[in-house]
Amino acid sequence: MRTWQRPEVPHLAGDNVPPLLWDTATRELVEARPDDVARLYVCGITPYDATHLGHAATYLAFDTLQRVWLDAGYRVHYAQNITDIDDPLLERAAATGVEWRTLADEQIELFRDDMTSLNILPPDDYVAVTEVIEQIGRATRILFERGLAYRVDDDVYFDTEAAQRSAPWVLGEESGLDRETMLALFAERGGDPDRAGKRDPLDPLLWRAPRDGEPSWPSPAGEGRPGWHIECSVIALMHLGRDFTVQGGGSDLVFPHHELSAGHAAALSGHPLARVYSHAGMVAYRGEKMSKSLGNLVLVSRLRESGVDVRAIRLALLAHHYRSDWEWFDDAIDDAEARLASWSEVVGAPLDAPLDDDAAQGESDLVAAIRAALRNDLDTPAALRAVDAWVETRPSRVSALVPTAIDALFGLKL
Ligand code: 5CA
Ligand code: ZN
């Protein structure tokens, strides 16, 4: 799919220090050290009601990770999917009387606009599921031929037990959840633990045979459409290869989605999906997780329409650590606008006049403090506080270094 416009990221002299990132699977901070290129996969939207601030916060977290890698001198290869065929999308289309393809295309377009306005780095590969039906069908067939998948009626399921015997993957290892919790989450998040004929209630659907009134495609797995987790395994393997640097998404995807995507990929490639499994916390609104299904949404497009400066949206989101769960309050935008104004006042018009030694030292200390905070598990609140503290010293001259660093690392043009 067409991606969106790439913001320019100014370059600061890099020093190849990779960031520390919290790894969901090992439950510790690990170095997110790229080999030659940092390879990142982040789960994309299901395009039926985009883009709320929870989505924006998650994509901004992985935008920040890329900026930290770029700043350290690494190249980045970023892939993202679009779940443009799935039950919730079809249900919304039916409920609103809009054709599912039209709904998906409209929402993808809106998402692109929102991401562009928020200065979010686009993926290099932006892949809709409907573009890779053939490859997903082929992967399903390979799993079937290896004895790692089976049929229930005409649908195909992944055999989690057989896969664990043959692939470097253990169910529950990534999420660290016990079986009872996994069963509950599986049922809540699109799974069908109670379907008769399954070998294990946690076996996920790989391929769904045609149903009346649902779209379907021919494929090496037969006529039908893909299950959910396999789409991300196949798109990631196709574009990033196996064992890539970081797999990312919101924490609502840890189980079952990422756990089972990793299982499918391990069963297909014989290698782990990724080195680090990174998850952003959930943004709530009016007391509950912001979600399309609950409808408690603050849409980026609405905020933009109401005249809010998109840089203030970015700052309001960056004020929270990506890994924490937090609640949006409408006045957060006022605080962010105040912060933006105070920074702009000091930084807005860089002077060419040379700085005295103290001022130059102050600037390089500031850049070092921003980098240290961001390299420490993307600690954006600490990085913003470092800028606040420097702004409070009321520097009378400012070189281009500070606005360049703020642009490169926070994605904000002052
Ligand atoms: N298409 C699937 C992934 S393959 C999906 O989860 N789509 S989504 O539209 O529901 O979510 C897109 C991304 O936003 C996911 O990474 C999800 O974890 C994240 N997300 C959804 N709701 C929130 C929220 N309230 N706070 C933070 N992140 C969220
Ligand atoms: Zn996904």
Side-chain angles (χ1 to χ4, degrees), residues 1 24 40-63 65 78-92 103-104 107-108 110-111 114-115 118 120 123 125-130 132 136 174-175 185 188-190 204 226-240 246-265 273-274 277-300 316-317 320-328:
M1 279 266 170
T24 303
L40 172 69
Y41 185 90
V42 179
C43 283
I45 55 163
T46 305
Y48 67 92
D49 210 347
T51 314
H52 62 63
L53 285 175
H55 300 133
T58 290
Y59 296 113
L60 182 56
F62 295 99
D63 175 86
L65 173 60
Y78 177 26
Q80 187 177 126
N81 68 310
I82 307 170
T83 308
D84 66 345
I85 184 70
D86 201 6
D87 298 347
L89 174 70
L90 295 176
E91 284 158 17
R92 175 63 61 93
L103 176 63
Q107 295 298 315
I108 294 166
L110 186 57
F111 180 69
D114 289 333
M115 293 293 106
L118 286 169
I120 304 266
D125 300 298
Y126 193 37
V127 185
V129 176
T130 53
V132 288
I136 298 174
E174 180 178 333
S175 60
L185 288 176
E188 214 175 278
R189 297 175 176 168
W228 178 23
H229 319 302
I230 186 73
E231 75 184 55
C232 287
S233 322
V234 169
I235 294 171
L237 283 173
M238 275 174 66
H239 292 280
L240 300 177
V246 173
Q247 150 86 322
S251 61
D252 57 339
L253 299 182
V254 174
F255 192 88
H257 183 52
H258 284 179
E259 185 105 43
L260 292 165
S261 293
H264 297 334
L273 177 69
Y277 297 91
S278 173
H279 293 97
M282 287 294 110
V283 180
Y285 187 53
R286 300 190 169 143
E288 289 198 78
K289 174 192 157 185
M290 201 179 280
S291 75
K292 294 180 268 218
S293 43
L294 293 174
N296 56 337
L297 307 180
V298 180
L299 296 181
V300 172
L317 299 174
H320 297 269
H321 189 258
Y322 81 97
R323 216 145 47 74
S324 59
D325 295 328
W326 56 276
E327 180 159 356
W328 175 264

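Atoms within each ligand, like the ligands themselves, are counted from 1 in listed order. All heavy atoms count here, side chains included; hydrogens, waters and symmetry mates do not.
Scanning both residues, Q247 and L273, for their nearest heavy atoms gives NE2-CD2, 3.7 Å. Taking both residues in full, the closest heavy atoms of S251 and D325 are given as OG-OD1, 4.4 Å, listed atom of the first, atom of the second, then distance. Between A104 and D84 the shortest heavy-atom distance is CB-CB, 4.3 Å.
Within the 3.5 Å criterion, the main-chain N or O of C232 finds no donor-acceptor partner in the side chain of S261. At distances below 3.5 Å, at least one donor-acceptor pair connects side-chain atoms of N81 with backbone N or O atoms of G44. Listed for the Q107 side chain is a donor-acceptor partner under 3.5 Å among the backbone atoms of A50.
Rounded to the nearest 10 degrees, the angle SG (C43) to the Zn ion (ligand 2) to NE2 (H257) equals 110°.
Of all the atoms in ligand 1, the ones that sit under 4.0 Å from a non-hydrogen atom of Y59 are 12 (C), 13 (C). Annotation for ligand 1: atoms under 4.0 Å from non-hydrogen atoms of C43 are 3 (C), 4 (S), 16 (O). Proximity to G249 (heavy-atom distance under 4.0 Å) selects the following atoms of ligand 1: 16 (O).
Counting protein heavy atoms only, atom 4 (S) of ligand 1 is closest to W228 NE1, 3.2 Å. The protein heavy-atom contact nearest to atom 25 (N) of ligand 1 is M290 O, 2.8 Å. Given atom 27 (C) of ligand 1, the protein heavy atom at minimum distance is G54 O, 3.1 Å. For atom 6 (O) of ligand 1, the closest non-hydrogen atom of the protein is L253 CD2, 3.5 Å. Looking at atom 22 (N) of ligand 1, its nearest protein heavy atom turns out to be H52 CE1, 3.4 Å. At the top of the distance list for atom 10 (O) of ligand 1, counting protein heavy atoms only, stands K292 NZ, 3.6 Å. In terms of protein heavy-atom proximity, atom 1 (N) of ligand 1 is closest to T83 OG1, 2.7 Å. Of all protein heavy atoms, the one lying nearest to atom 14 (O) of ligand 1 is H55 CD2, 3.3 Å.
Using a 4.0 Å cut-off between heavy atoms, I82 makes no contact with ligand 1 at all. Here T58 has side-chain heavy atoms under 4.0 Å from ligand 1, and that is the only part of it that gets that close.
Ring geometry for F62 against Y322 counts as perpendicular: the plane angle is over 60°, on a 0 to 90° scale with 30° as the lower cut. Below 30°, between 30° and 60°, or above 60°: for W326 and W328 the angle between ring planes is between 30° and 60°, a tilted geometry. In this structure, H257 and H229 have tilted ring planes: the angle between them lies in the 30° to 60° band.
Assignment of H257 to the shell around ligand 1 is supported, since a heavy atom sits closer than 4.0 Å. Using a 4.0 angstrom heavy-atom cutoff, G281 counts as in contact with ligand 1. Contact annotation: G44 has at least one heavy atom less than 4.0 Å from an atom of ligand 1. C232 counts as a contact of ligand 1, since one of its heavy atoms falls under 4.0 Å from the ligand.
Centroid-to-centroid, the aromatic rings of H258 and H279 come within less than 6.0 Å.
Nearest-heavy-atom check against atom 7 (N) of ligand 1 across N81, V42, T46 picks out T46.
Put simply, the side chain of H239 reaches to within 4.5 Å of the side chain of V127, judged on heavy atoms.
When only interatomic distances are considered, the shortest N/O to N/O separation between G250 and ligand 1 falls below 3.5 Å. The distance criterion of under 3.5 Å between nitrogen or oxygen atoms is not met by E231 with respect to ligand 1. At a 3.5 angstrom cut-off on N or O pairs, D252 counts as close to ligand 1. Below 3.5 Å of separation, one finds no N or O of K289 facing any N or O of ligand 1.
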- Query: Could you walk me through whether D86 and T46 pass the side-chain hydrogen bond (donor to acceptor under 3.5 Å, both in side chains) check?
  - Reply: CA-CA 8 Å; D86 201 6; T46 305; 5.1 Å; no
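A salt bridge between R189 and D252 is absent, with no side-chain N of the basic residue lying under 4.0 Å from a carboxylate O of the acidic one.
Under the 3.5 Å distance criterion, with hydrogens and angles disregarded, a donor-acceptor pair is assigned to the side chains of E231 and T83.
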